[in-house]
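Contents: one structure, followed by commentary.
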Amino acid sequence: QVQLVESGGGSVQAGGSLRLSCVASGYTDASKCMAWFRQAPGKEREVVAAISNIFDTTYADSVKGRFTISKGNGMSSLYLQMNSLKPEDTAMYYCAAKEGSYCFSNQYTYWGQGTQVTVSS
């Protein structure tokens with residue numbers, strides 16, 4: 001069992017930046033992947049960025065070059081630095097973790113409750 005709690009969301013103008021954080025607790029040693037997802041009203045949940053236990057990273061094309069995913073030495077701290085934000089980035093952002101090793105995937109086991117990001121023009 002892994003528990004995840006996100007923080008750092010808020011409202012920002014287009015072109016601004018936000019840094020999201022996720023704290024994981026429980027049996028985090030078994031996690032092979034952690035990821036950030038987002039879901040906007042009327043849209044399906046999508047994976048934004050993923051990172052493996054050995055620090056491999058993958059990004060959605062829509063955020064590549066603007067967002068950076070990172071983590072601590074283990075699997076208990078996850079971050080998402082978001083720069084050059086656009087109105088289309090507006091969504092609820094979720095932290096996720098799983099024991100499987102294919103990280104850029106919609107199939108995750110543990111989820112946080114989300115933090116809202118709103119970008120105005």
Side-chain angles (χ1 to χ4, degrees):
Q1 177 77 279
V2 175
Q3 297 80 44
L4 304 167
V5 180
E6 305 95 335
S7 63
S11 297
V12 66
Q13 291 186 322
S17 298
L18 284 173
R19 182 175 173 86
L20 305 183
S21 298
C22 174
V23 176
S25 60
Y27 193 57
T28 61
D29 290 348
S31 296
K32 294 289 183 64
C33 303
M34 297 187 76
W36 288 100
F37 289 78
R38 69 185 182 188
Q39 187 168 28
K43 295 185 177 180
E44 293 187 341
R45 185 184 64 201
E46 63 172 340
V47 58
V48 174
I51 188 167
S52 76
N53 60 326
I54 56 171
F55 296 91
D56 293 327
T57 59
T58 312
Y59 298 90
D61 288 342
S62 59
V63 307
K64 189 175 182 180
R66 300 187 297 120
F67 291 10
T68 302
I69 189 171
S70 61
K71 69 178 187 71
N73 190 52
M75 301 297 279
S76 60
S77 300
L78 183 71
Y79 309 96
L80 185 68
Q81 179 66 47
M82 305 186 294
N83 298 327
S84 302
L85 283 162
K86 304 175 180 179
E88 49 262 47
D89 295 319
T90 296
M92 185 72 74
Y93 283 72
Y94 299 90
C95 175
K98 69 175 182 180
E99 296 182 16
S101 57
Y102 184 45
C103 297
F104 197 71
S105 168
N106 287 319
Q107 302 298 318
Y108 271 74
T109 306
Y110 305 106
W111 298 86
Q113 291 193 333
T115 185
Q116 179 68 41
V117 171
T118 302
V119 184
S120 61
S121 61

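For clarity, every value in this text was computed on a predicted model and none was experimentally measured.
- Nearest heavy atoms, M82 versus L85: CB-CD2, 3.8 Å.
- Distance check, rounded to the nearest 0.5 Å: OH of Y108 to SG of C33 gives 4.5 Å.
- The line from CD1 of I51 to OG1 of T68 is 10.5 Å long, rounded to the nearest 0.5 Å.
- When each of Q116, R38, Q39 is tested with Y93 by the rule side-chain hydrogen bond (donor to acceptor under 3.5 Å, both in side chains), just one qualifies, namely R38.
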Side chain to side chain contact (heavy atoms under 4.5 Å, CB included) evaluation trace for M34 with L4:
CA-CA 10 Å; M34 297 187 76; L4 304 167; 4.1 Å; yes
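- Checked by atom type and distance alone, the side chain of Y94 never pairs as donor or acceptor with a backbone atom of A35 at under 3.5 Å.
- The line from CZ of R19 to OG of S7 is 10.5 Å long, rounded to the nearest 0.5 Å.
- Distance check: K98 NZ to C103 SG gives 6.5 Å after rounding to the nearest 0.5 Å.
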Check the pair V117 / L20 against side chain to side chain contact (heavy atoms under 4.5 Å, CB included), numbers first and verdict last.
CA-CA 9 Å; V117 171; L20 305 183; 4.1 Å; yes
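- With hydrogens and angles ignored, the 3.5 Å screen pairs no side-chain donor or acceptor of Q113 with any backbone N or O of V5.
- Counted within 6.0 Å of NZ on K71, heavy atoms from surrounding residues, nucleotides or ligands total more than 12; the atom is thus considered enclosed.
- In summary, the aromatic rings of F37 and W111 are positioned with their centroids under 6.0 Å apart.
- Between C22 atom SG and L80 atom CG the span is 10.5 Å, to the nearest 0.5 Å.
- Between W36 and S21, the shortest heavy-atom contact is CH2-O, 3.7 Å.
- Of all heavy-atom pairs spanning F104 and V48, the tightest one is CE1-O, 4.4 Å.
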Does the side chain to side chain contact (heavy atoms under 4.5 Å, CB included) test come out yes or no for V2 and M75, once each step is laid out?
CA-CA 10 Å; V2 175; M75 301 297 279; over 6 Å; no
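- Separating the CZ atom in F67 from the OG1 atom in T57 is a distance of 14.5 Å, to the nearest 0.5 Å.
- Residue-environment remark: CD (E88) exceeds the threshold of 12 foreign heavy atoms within 6.0 Å.
- A donor-acceptor pair is defined here as one N or O able to donate and one able to accept, closer than 3.5 Å; such a pair exists between the side chain of T90 and the backbone of P87.
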